[in-house]
> 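Just passing along the structure, written as structure tokens.
All values reported here derive from a predicted model rather than from experimental measurement.
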Amino acid sequence: MIEKLDNIDPTDVAAILYQPEDDADKLLADFVQDLARHDVRVGGLVQRHFRNAGGTHVMLAVDVATGREISISQLLGSGAASCKLDPNGLAEAAVVVSQALRDKIDLLVISKFAKQEAAGRGLRAEFVDAITRGVPLLTAVPRKCLADWRAFTGDVGTLLHCDRQAVEKWWCDVATRLARRHALSPSWGYFGTMIPDSLMTAARMSPASTQQSPVGHLRFLRKQP
């Protein structure tokens with residue numbers, strides 16, 4: 001269990017709970033791409049999976065800030081249908097997360113907390129760093145690792161359905177709180193504690209959306225004099 005969580009806002013930590021049939025990787029990647037399009041500062045990693053010409057399952061960690069792809073899987077030989085995690089690739093991925101935490105980001109994304117992290121390996125240390133710093137964090141957790149995630153976080157945080165609307169609603173709440181926190185910062189040009197309703201108008205993320213999207217909150221707030 002992570003120590004020193006007393007000062008952490010539990011709603012800043014969210015995990016998408018997914019089943020084997022869910023595509024949590026695509027949900028995260030699409031959501032992050034839309035946030036970046038609206039000038040929200042996002043850092044961290046999403047995952048991409050595919051099978052190479054030999055039919056082997058390959059995993060890539062993608063730096064959401066730069067688009068750089070890092071191979072995190074090792075091929076097991078010709079004709080192998082599976083892969084194992086590459087320690088060198090994971091080390092590179094950890095550097096990406098650490099750099100994102102040093103930058104002034106609005107949201108950190110770490111593709112998933114799975115069996116490697118549950119066992120104390122993978123990106124577990126980066127999860128600890130992110131949560132204890134109080135940086136808004138979005139990740140995904142397979143249902144089979146839910147008990148491990150709860151033990152790791154002390155059951156702090158929000159569990160989300162593997163659904164775009166659920167993720168958007170969580171981000172709307174986080175963005176609103178971030179805006180109010182920064183309202184007292186002179187560098188943001190605000191001196192009060194209330195945010196006018198007009199500044200909380202959101203932009204649409206996609207034509208298919210039936211609701212106003214929350215991703216534009218910080219962008220609009222940043223552009224105000």
> So does M59 get a backbone contact from the side chain of S73, meaning a donor-acceptor N/O pair under 3.5 Å?
yes
> How many angstroms lie between atom OG1 of T66 and atom CD of Q99, to the nearest 0.5 angstrom?
10.5 Å
> Could you check T176 against D173 for side-chain hydrogen bond (donor to acceptor under 3.5 Å, both in side chains), going step by step and ending with a plain yes or no?
CA-CA 5 Å; T176 300; D173 293 340; 5.6 Å; no
> Indicate yes or no for a side-chain donor-acceptor contact from E92 to the backbone of G89 under 3.5 Å, with no hydrogens or angles considered.
no
> When rounded to the nearest 0.5 angstrom, what distance separates SG in C145 from CZ in R150?
13.0 Å
> Can you measure from CG (L160) to CG (D163) and round to the nearest 0.5 angstrom?
9.5 Å
> Looking at side-chain heavy atoms only, is the closest gap between F152 and D148 below 4.5 Å?
no
> Decide, yes or no, whether a salt bridge links D25 with K112 under the criterion of side-chain N to carboxylate O below 4.0 Å.
yes
> Verify side chain to side chain contact (heavy atoms under 4.5 Å, CB included) between V58 and R48, making sure each step is shown before the conclusion.
CA-CA 8 Å; V58 177; R48 189 165 77 83; over 6 Å; no
> What do the steps show when you test L108 against V97 for side chain to side chain contact (heavy atoms under 4.5 Å, CB included), and what is the final call?
CA-CA 8 Å; L108 179 72; V97 175; 4.1 Å; yes
> Identify which one of T139, V46, L45, L137 satisfies the side chain to side chain contact (heavy atoms under 4.5 Å, CB included) criterion when paired with V109.
V46
> So, taking the atom named SG in C162 and the one named CG in L28, what distance separates them when rounded to the nearest 0.5 Å?
8.0 Å
> Of the non-hydrogen atoms in F113 and P142, which two are nearest, and what is the gap between them?
O-CD, 3.3 Å
> Any idea which heavy atoms bring E126 and L101 closest together, and the distance?
O-CD1, 4.4 Å
> Would you check if the side chain of R124 reaches a backbone N or O of E117 as a donor-acceptor pair within less than 3.5 Å?
yes
> Just how far is it from atom CZ of F127 to atom OG1 of T132, taken to the nearest 0.5 Å?
13.0 Å
> Considering non-hydrogen atoms only, spot the tightest contact between A61 and I72 and give its length.
CB-CG2, 3.9 Å
> Search all heavy atoms of T158 against all heavy atoms of T11 and return the closest pair with its distance.
OG1-CA, 3.9 Å
> Do L27 and I16 come within less than 4.5 Å of each other through their side chains, counting heavy atoms only?
yes
> Just wondering, do V174 and D12 contact through their side chains at under 4.5 Å, heavy atoms?
yes
> Test your reading of the model: is there a side-chain donor-acceptor pair from W149 to the backbone of A15, 3.5 Å cut-off?
no
> Is the closest side-chain heavy-atom distance between V42 and D106 below 4.5 Å?
no
> Please check this pair: side chain of D86 against backbone of N88, looking for a donor-acceptor N/O pair closer than 3.5 Å.
yes
> Any chain of hydrophobic side-chain contacts (each under 4.5 Å) joining V13 to Y18?
no
> Less than 4.5 Å apart, any side-chain heavy atom of L159 and any of L146?
yes
> Heavy atoms, side chains only, cut-off 4.5 Å: are D30 and R164 in contact?
yes
> Can you tell if the side chain of W171 reaches within under 4.5 Å of the side chain of L138, non-hydrogen atoms only?
no
> List the atom of A140, the atom of A24, and the distance in Å for their closest heavy-atom pair.
CB-CB, 4.1 Å
> Output the distance between atom CZ (R41) and atom NZ (K104), rounded to the nearest 0.5 Å.
8.0 Å
> Does any part of the side chain of D9, heavy atoms only, come nearer than 4.5 Å to the side chain of R177, both counted from C-beta?
yes
> What heavy-atom pair brings A166 and H161 nearest, and what distance separates the two atoms?
CB-O, 3.9 Å
